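Structure record follows, encoded as structure tokens.
Model, not experiment: these values are computed from the prediction. In what follows, chains carry the letters A, B, and so on, assigned in the order in which the sequence lines appear, proteins first and then strands, with residues in each chain numbered from 1.
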Number of protein chains: 2
Amino acid sequence: MSTRRTTRQQQAVSSILERHGDFRSAQEWHALLRESGEAVGLATVYRTLQTLADEGTIDVLRSPAGEAVYRACSSGGHHHHLVCRRCGRAEEIEAAEVERWTSATATAYGFTDVTHTLEVFGRCADCS
Amino acid sequence: MSTRRTTRQQQAVSSILERHGDFRSAQEWHALLRESGEAVGLATVYRTLQTLADEGTIDVLRSPAGEAVYRACSSGGHHHHLVCRRCGRAEEIEAAEVERWTSATATAYGFTDVTHTLEVFGRCADCS
DNA sequence: CGGCGACATGAGAATGAGTCTCATTTGCTG
DNA sequence: CAGCAAATGAGACTCATTCTCATGTCGCCG
Ligand SMILES: [Zn+2]
Ligand SMILES: [Zn+2]
Ligand SMILES: [Zn+2]
Ligand SMILES: [Zn+2]
């Protein structure tokens, strides 16, 4: 059976992601946890984030610099993000038009098993 | 004054990118160059690719695995890609709709200085 | 022709995100 | 409480990418 244990560390990771609404790297979350007194090993932070991402509980994307950044999103479904490249704050956006367009285009070119990435970066109102 | 020298190595890099139409990593281009007899140091391959990318002469994007992959594109303007995740072959696609949509959405949320990434991955007809 | 100075190259060291190992700890169940 | 498999974490390790610096190359001027 799937023995999924609930450990203090995993809860600490989930919890801190929920308290902040920003995209941050594993290392940054690790640092935040340490500051908040809830120390968790770096390896465990990586493992937990990966597990949560695989489950679809949190979202991952790659920052323009190429690092993976993670965030707890409210919507469980497929969506994209409008991310402030200064402070990491993000808005979740849905793009039915874009979904339709990409899948139609891919099909027109004979591609199968299609996925896509779409992220919008900018400076949010507060950071302007 | 910007003395831009054209060296054998830089030409070799540009040339091999033009002969193949695929997205490949710096390491892969380096290996191809070595095979083709036109040996170029790895550091130089990295440097040249970066320079070409900064100039806008070639396109960079991050593979799902997170490595940077490079390709010589025919269109000089802004465009996106439909990339085969198996063989690296790519089609250049224009998405006026998407351009419009992203910029309108970003503005609606008060974001400024907006950029976006959009890539579509799949398996091309040959690789299906 | 010969030499100077700026730029380019490349071998190898360094960096840094992310993964792996393995001894130890800790939920869970009975 | 006992027993065990899953989870943890310190540190070793991988691997893409960047940096360092000694050496090579090109253009130019006298
Ligand atoms: Zn999200
Ligand atoms: Zn989508
Ligand atoms: Zn392109
Ligand atoms: Zn675009």
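- With distances taken from any side-chain atom of A:Q10 to the nucleotides D:dG9, D:dT17, D:dT8, the minimum falls on D:dT8.
- Under 4.0 Å is where a charged nitrogen must lie from a carboxylate oxygen, and between A:R100 and B:E97 no such pair does.
- A continuous path of ILVMFWY side-chain contacts below 4.5 Å connects B:V120 to A:V98, so both sit in one hydrophobic cluster.
- In this entry the distance linking CG of B:L52 with C1' of C:dA8 reads 14 Å, nearest Å.
- The nearest whole Å value for the distance from the NE2 atom in A:H30 to the P atom in C:dG18 is 13 Å.
- A:T6 has no side-chain polar atom (N or O) that falls below the 4.0 Å cut-off from OP1 or OP2 of C:dT26.
- Distance A:Y46 OH to D:dT14 C1': 13 Å, rounded to the nearest Å.
- Between its opening and closing five pairs, the helix from C:dC1-D:dG30 to C:dG30-D:dC1 changes axis direction by 20°, a value rounded to 10 degrees.
- Counting only heavy atoms from C-beta on, A:E67 has its side chain closest to C:dG18 among D:dA7, D:dT8, C:dG18.
- When atom types are taken as modelled, the side chain of A:E119 and the backbone of A:V83 share no donor-acceptor pair closer than 3.5 angstrom.
- Within 3.5 Å, a donor on the side chain of A:R5 pairs with an acceptor on the base of D:dA6, or the reverse.
- Remark: the B:E91 side chain and the B:H79 side chain contain no N/O donor-acceptor pair separated by less than 3.5 Å.
- The 5' end of DNA chain D is approached more closely, in terms of each residue's nearest nucleotide, by A:R47 than by the other of A:R47 and B:A26.
- In this structure, CD1 in A:I58 is found 9.5 Å from CZ in A:F23, a value given to the nearest 0.5 Å.
- Rounded to whole Å, the distance from CD on A:Q9 to C1' on C:dT26 is 9 Å.
- B:Q27 comes within contact range of at least one nucleobase, with a heavy-atom separation under 4.0 Å.
- The distance between atom CG of A:L42 and atom P of C:dC20, rounded to the nearest whole Å, is 14 Å.
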* **Verdict with reasoning, B:T115 to A:R85, per side-chain hydrogen bond (donor to acceptor under 3.5 Å, both in side chains)** => CA-CA 10 Å; B:T115 61; A:R85 71 166 75 81; 3.2 Å; yes

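- Contact annotation for B:Q50: backbone-only contact, meaning every heavy-atom pair under 4.0 Å involves sugar-phosphate atoms and none involves a base.
- With B:V40 as reference, B:V45 is the one residue of B:V45, B:T48, B:T7, B:I16 to meet the side chain to side chain contact (heavy atoms under 4.5 Å, CB included) rule.
- At a cut-off of 3.5 angstrom, counting only N and O atoms as typed in the model, there is no donor on one side facing an acceptor on the other between the side-chain of A:R4 and the base of D:dA6.
- Summarising the geometry, the separation between CD on B:Q11 and P on C:dT9 is reported as 11 Å, rounded to the nearest angstrom.
- Atoms CG (A:L49) and P (C:dA17) sit 15 Å apart, rounded to a whole Å.
- Between the side chains of B:S15 and B:R19, at least one donor-acceptor pair of N or O atoms lies under 3.5 Å.
- A:T7 has no side-chain polar atom (N or O) that falls below the 4.0 Å cut-off from OP1 or OP2 of D:dA7.
- The interatomic distance linking A:R62 (CZ) with D:dA16 (P) rounds to 13 Å, in whole Å.
- Across all strands shown, B:S25 has no heavy atoms under 4.0 Å from either base or sugar-phosphate atoms.
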